[in-house]
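It should be emphasised that the depicted structure is a prediction, and the values quoted were computed from it without experimental measurement.
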Amino acid sequence: TGRSIGEAAARRFLPVTLELGGKDPMIVLDDADIDVASSGAVWGAFMNAGQACLSVERCYVQRKVYEEFTQQCLRKAKQLRVGNGLDPSTDMGPMIHEGQLQVVECQLEEAQAAGAQILIGGRRLTELGGRFYAPTVLTNVNHSMRIMREETFGPVLPVMAFDRDEDAICLANDSEFGLGAGVWTGDQKRGENIARGLRAGTVLVNDVVSSYGISEAPHGGVKSSGIGRTHGRYGLEEMVRVKYVSIELLPGIKRPWWYAYGQPFTQQIEALLDMQFSTRLTMRVRGALRSAACLLKNQRL
């Protein structure tokens, strides 16, 4: 009976892990590398057609660099190749569900009616098929719009200006969600200070999305974004609330897995995987050399 009671208690208090919705903010400060930050925003917003838990769902840019950043995002979004996801040269494929595509359309229509401006996209690409939607960059947005408050889960990048660091923190935290967040800056200390003020399970400084690919890094949200943590080396994150902050020490370098895709990209990633995971030292060294050569040769958007 003692064992049965113990087993019943264990089942009763078994930790539950839930990853729910997200509305991840990205903050771009006036001292950030705008070329790299805009590339991160475009990849983070449109990778997998925006259908990723840690995608960039809303972007706040300090007013001093707002125009430059927006124009960079516009230029890079225009270069994305939308098409069959089985084609290695495709940057963005279709959305997987008609219902979610309608959610995207509805949010954009409401935002436009309230004064938002679509710089690019905002339409279905019917010439490609029924569920292809153009990469969309949106400005003149505010928090009265659902597109800044509710999960979009589609290829949309809304960009909003702010003035002070404190304003950016308030805007980022003005959400029922708290899965991930990002800060872009040339000042590591400034990035750390803002990261401390953000209510999110994961905060990346000068990077986007990559934490989910690190098995040792705890992953999970706060507020309506869920409870518990997955990943983590020892599993203790299942029973505690962890806030994971990652700071990129080389903020001026575009990540090798960002746009654009194609055969050179495939070769680079294969070399990178050999470098990281090959069981033979010689293969790791060769992978590192090949990856470095591809990185210097391949131009990221």
Side-chain angles (χ1 to χ4, degrees), residues 26 28-29 31-48 52 54-56 68-69 72-73 75-83 85-93 135 180 182-192 195 202-219 231-233 244-301:
M26 172 174 166
V28 182
L29 302 177
D31 59 357
D33 185 317
I34 300 304
D35 180 34
V36 176
S38 58
S39 292
V42 167
W43 184 75
F46 302 135
M47 179 264 299
N48 202 39
L54 290 173
S55 63
V56 176
E68 178 187 357
F69 177 86
Q72 290 266 28
C73 289
R75 178 179 64 82
K76 293 170 183 178
K78 287 179 178 178
Q79 298 179 57
L80 297 183
R81 297 159 296 184
V82 183
L86 297 178
D87 183 344
S89 65
T90 293
D91 294 314
M92 197 184 89
V183 184
W184 296 76
T185 175
D187 184 336
Q188 179 177 326
K189 190 65 176 179
R190 189 181 181 191
E192 289 178 6
T202 297
V203 182
L204 300 181
V205 180
N206 293 321
D207 204 353
V208 60
V209 180
S210 64
S211 60
Y212 189 76
I214 304 172
S215 59
E216 294 87 355
H219 171 73
H231 297 187
R233 189 171 183 181
Y244 175 71
V245 178
S246 172
I247 298 174
E248 174 57 52
L249 299 180
L250 298 172
I253 296 178
K254 297 176 184 178
R255 309 300 175 263
W257 47 86
W258 292 357
Y259 294 132
Y261 297 154
Q263 189 59 36
F265 169 82
T266 303
Q267 294 172 349
Q268 182 175 332
I269 294 302
E270 288 175 347
L272 192 63
L273 290 173
D274 284 344
M275 180 189 75
Q276 290 183 293
F277 302 113
S278 177
T279 57
R280 295 167 53 191
L281 179 59
T282 54
M283 287 293 293
R284 288 196 173 197
V285 173
R286 289 175 185 172
L289 294 174
R290 289 194 348 258
S291 178
C294 290
L295 186 63
L296 292 174
K297 179 177 159 184
N298 300 338
Q299 294 296 315
R300 308 255 62 88
L301 286 184

Among residues at least two apart in sequence or on other chains, which ones pass ring pair (Phe, Tyr, Trp, His ring centres under 6.0 Å) with Y261? Y259, F265
Going by the angle between their ring planes, with limits at 30° and 60°, are H219 and Y212 parallel, tilted or perpendicular? perpendicular
Kindly indicate, with the supporting measurements, whether the criterion side-chain contact (heavy atoms from CB on, under 4.5 Å) is fulfilled by D187 and L29. CA-CA 9 Å; D187 184 336; L29 302 177; over 6 Å; no
Can you sort out the partners of L289 under side-chain contact (heavy atoms from CB on, under 4.5 Å), two or more places apart, ordered by chain and number? V285
How far apart are the C-alpha atoms of S89 and D87, what are their side-chain angles, what is the distance that settles it, and do they pass the side-chain hydrogen bond (donor to acceptor under 3.5 Å, both in side chains) test? CA-CA 5 Å; S89 65; D87 183 344; 2.9 Å; yes
Hey, are the side chains of D35 and K254 touching, using non-hydrogen atoms and a 4.5 Å cut-off? yes
Using modelled atom types and a 3.5 Å cut-off, is there a donor and acceptor pairing between side-chain atoms of W257 and backbone atoms of S210? no
So do W258 and M47 actually touch side chain to side chain, heavy atoms under 4.5 Å? no
Please identify each residue that fulfils side-chain contact (heavy atoms from CB on, under 4.5 Å) with Q276, with sequence neighbours left out. L272
For S38, give me all partners under side-chain hydrogen bond (donor to acceptor under 3.5 Å, both in side chains), at least two apart in sequence or on another chain. K76
Residues I214 and H231: closest non-hydrogen pair is O-ND1, 3.7 Å
Within the structure provided, determine whether R81 and D91 are in side-chain contact (heavy-atom separation under 4.5 Å). yes
Can you name the residues that form a side-chain contact (heavy atoms from CB on, under 4.5 Å) with S278, not counting sequence neighbours? R280, M283, R284
Would you say the side chain of E192 lies within less than 4.5 Å of the side chain of I247, judging by non-hydrogen atoms? yes
State which residue, out of V36, D33, V205, D31, fulfils the side chain to side chain contact (heavy atoms under 4.5 Å, CB included) condition with W184. V36
First locate atom CG of N206, then atom OG1 of T185, and finally report the distance between them rounded to the nearest 0.5 Å. 6.5 Å
Who pairs with N48 by side-chain contact (heavy atoms from CB on, under 4.5 Å), at least two apart in sequence or on another chain? Q51
For G191 and V183, which heavy atoms make the closest approach, and how far apart are they? CA-CG1, 4.2 Å
Could you state the interatomic distance from CZ (R286) to CG (D274), rounded to the nearest 0.5 Å? 10.0 Å
Is there a side-chain contact between V209 and L204, using heavy atoms and a 4.5 Å cut-off? no
Identify the heavy atoms of Q268 and S291 that sit nearest to each other, and give their distance. O-OG, 4.2 Å
Is there a side-chain contact between S211 and L54 in this structure, where contact means two heavy atoms from C-beta onward sitting under 4.5 Å apart? yes
When rounded to the nearest 0.5 angstrom, what is the spacing between CD in Q72 and OG in S39? 7.5 Å
Restricting to non-hydrogen atoms, name the atom on G40 and the atom on V208 that form the minimum distance, rounded to 0.1 Å. O-CG1, 3.7 Å
Here the pair of heavy atoms bringing M92 nearest to F46 is CG-O, 3.4 Å
For V28 against M26, the heavy-atom pair lying closest together: CG2-CE, 3.8 Å
